[in-house]
There are 2 protein chains.
Amino acid sequence: MTNLDIGASLKAVRKLKGLSQRELAKRAGVTNSTISMIEKNSVSPSVSSLKKVLSGIPMSLVEFFSIGESASSEQKIVYRADELLDIGTGPLEFKVIGRDYPNRAMSVMSETYPPGADTGEEMLKHVGEEAAMVITGKFELTVGDEIFILEAGDSYYFNSELPHRFRNPFDEPCHLVSATTPANF
Amino acid sequence: MTNLDIGASLKAVRKLKGLSQRELAKRAGVTNSTISMIEKNSVSPSVSSLKKVLSGIPMSLVEFFSIGESASSEQKIVYRADELLDIGTGPLEFKVIGRDYPNRAMSVMSETYPPGADTGEEMLKHVGEEAAMVITGKFELTVGDEIFILEAGDSYYFNSELPHRFRNPFDEPCHLVSATTPANF
DNA sequence: TTACAGTGTTCATTTTATTTAACATACTTG
DNA sequence: CAAGTATGTTAAATAAAATGAACACTGTAA
């Protein structure tokens with residue numbers, strides 16, 4: 001199944017961050033030789049030290065091992081900006097991508113929340129997972145009892161069973177691209 | 001962040017399978033004392049031996065650590081712009097949203113294709129569905145024998161079994177937000 | 001050129017993990 | 001009850017990983 005070339009993976013991840021062995025070692029609180037030997041697969045690091053090393057990236061163990069695993073008609077395909085189906089009301093835009101794709105596994109949407117928009121005090125709750133990235137503007141996300149303010153470039157991913165709410169208390173519209181599974185729309 | 005009580009996790013997983021320490025040890029090819037000490041957290045196993053132990057379950061390292069994370073329930077929800085894990089190479093950006101969400105159903109990513117970027121002449125093909133919206137720039141999408149040019153605001157949704165290719169033959173980088181299911185990354 | 005700071009690698013030593021072989025306890029079952 | 005066979009734990013011996021201090025190499029500035 002998995003190749004699990006820890007050495008190569010670590011090296012790739014480290015290079016990706018533009019760190020030298022010594023730099024990463026310093027951040028992680030281990031010695032440079034430890035990193036050298038791990039990357040050369042001349043040792044199999046202990047979980048604790050691998051965790052320490054990854055903390056210098058930073059990266060979790062799940063992420064690290066996940067990366068190792070992936071290294072990998074008639075139907076309408078492209079939807080032009082003005083072709084998207086808007087299922088929102090008024091200034092609230094909910095534009096569905098792939099609206100006529102039969103039995104879609106996901107709802108991918110371009111959403112625009114005008115100032116004042118709010119999904120309501122009654123928190124949303126449903127099966128599935130949802131994620132999105134903010135393109136422009138800011139908005140307030142509540143998940144469980146946590147409240148976040150997200151700005152352009154920020155993103156989220158959570159289980160939709162957690163009670164959640166979207167709100168735009170700011171004075172400019174917020175645009176985001178979202179994905180949910182299974183398809184709700 | 002993560003508790004990562006390896007001992008407790010291993011014990012839970014083992015019990016779940018109804019195995020004794022010795023039984024698991026035999027299947028995994030390690031000694032029973034190894035398992036005892038790991039479960040008591042009196043050692044931090046090496047990755048190789050932990051992998052051996054899990055092979056007796058059987059269970060992958062990703063799965064194992066995922067369990068630990070969900071058990072400690074400190075799941076991250078919001079990812080700031082600079083926190084996204086970039087798994088691209090060089091100027092090619094592939095930023096994963098919800099990177100350590102255990103057993104994600106989707107890969108939602110922020111992708112940036114620099115001028116000249118190309119997934120190659122060998123067309124991509126895999127199970128699942130994928131969709132995206134272009135945020136800035138333009139790029140060329142090939143699906144089957146159709147070629148599309150997509151600009152900001154345009155989007156696509158197609159079955160990943162259809163051979164496809166991404167290319168940026170233009171002179172400015174192209175940024176898009178994509179979603180694929182199942183999770184490839 | 002020389003000196004210097006960066007890179008990754010190697011080796012002897014120290015620290016830690018793993019095995020081997022025992023131990024104590026609990027539960028059968030004859 | 002006693003003998004047998006599970007269970008998980010532990011101590012000393014062995015094997016392996018982590019450290020500390022070197023080494024060789026590169027590029028750069030004086």
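Protein chains get the first letters and strands the later ones, always in sequence-line order, with residue 1 at the start of each.
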Q. With sequence neighbours left out, what residues match A/S33 under side-chain hydrogen bond (donor to acceptor under 3.5 Å, both in side chains)?
A. A/T31
Q.
If the condition is side-chain hydrogen bond (donor to acceptor under 3.5 Å, both in side chains), which residues does A/S55 pass it with, not counting sequence neighbours?
A. none
**Q.** Rounded distance [0.5 Å steps], CE in B/M109 versus OG in A/S155
**A.** 12.5 Å
Q) Taking only residues two or more places apart in sequence or in another chain, which ones pass side-chain contact (heavy atoms from CB on, under 4.5 Å) with A/E172? A) none
Q) Who pairs with A/E140 by salt bridge (Lys or Arg N to Asp or Glu O under 4.0 Å), at least two apart in sequence or on another chain? A) A/R167
**Q.** Results of side-chain hydrogen bond (donor to acceptor under 3.5 Å, both in side chains) for A/Q21 - residues two or more places apart only
**A.** A/E39
Q: Return the set of residues passing side-chain contact (heavy atoms from CB on, under 4.5 Å) with A/T136 (not counting sequence neighbours), or none when no residue passes.
A: A/H175
Using atom names, set out every protein N or O paired with an N or O of nucleotides 16-21 of chain C below 3.5 Å, distance rounded to 0.1 Å.
| residue | atom | partner | partner atom | Å |
| --- | --- | --- | --- | --- |
| C/dA17 | OP1 | B/S44 | N | 2.9 |
| C/dA17 | OP1 | B/S44 | O | 3.4 |
| C/dT18 | OP1 | B/S46 | N | 3.1 |
| C/dT18 | OP1 | B/S46 | OG | 3.3 |
| C/dT18 | OP1 | B/S49 | OG | 2.3 |
| C/dT19 | OP2 | B/T31 | N | 3.4 |
| C/dT19 | OP2 | B/T31 | OG1 | 3.2 |
| C/dT19 | OP2 | B/T34 | OG1 | 2.1 |
| C/dT20 | O4 | B/S33 | OG | 3.1 |

(Q) Strictly below 4.0 Å: does A/Q21 bring a side-chain N or O up to OP1 or OP2 of C/dT7? (A) no
Q: Nearest whole angstrom, please: distance from the P of C/dT7 to the CD of A/E39.
A: 13 Å
Q: At the 4.0 Å heavy-atom cut-off to chain B, mark where contacts on DNA chain D begin and end, going 5' to 3'.
A: D/dT7 to D/dT10
Q. Taking only residues two or more places apart in sequence or in another chain, which ones pass side-chain contact (heavy atoms from CB on, under 4.5 Å) with B/P58?
A. none
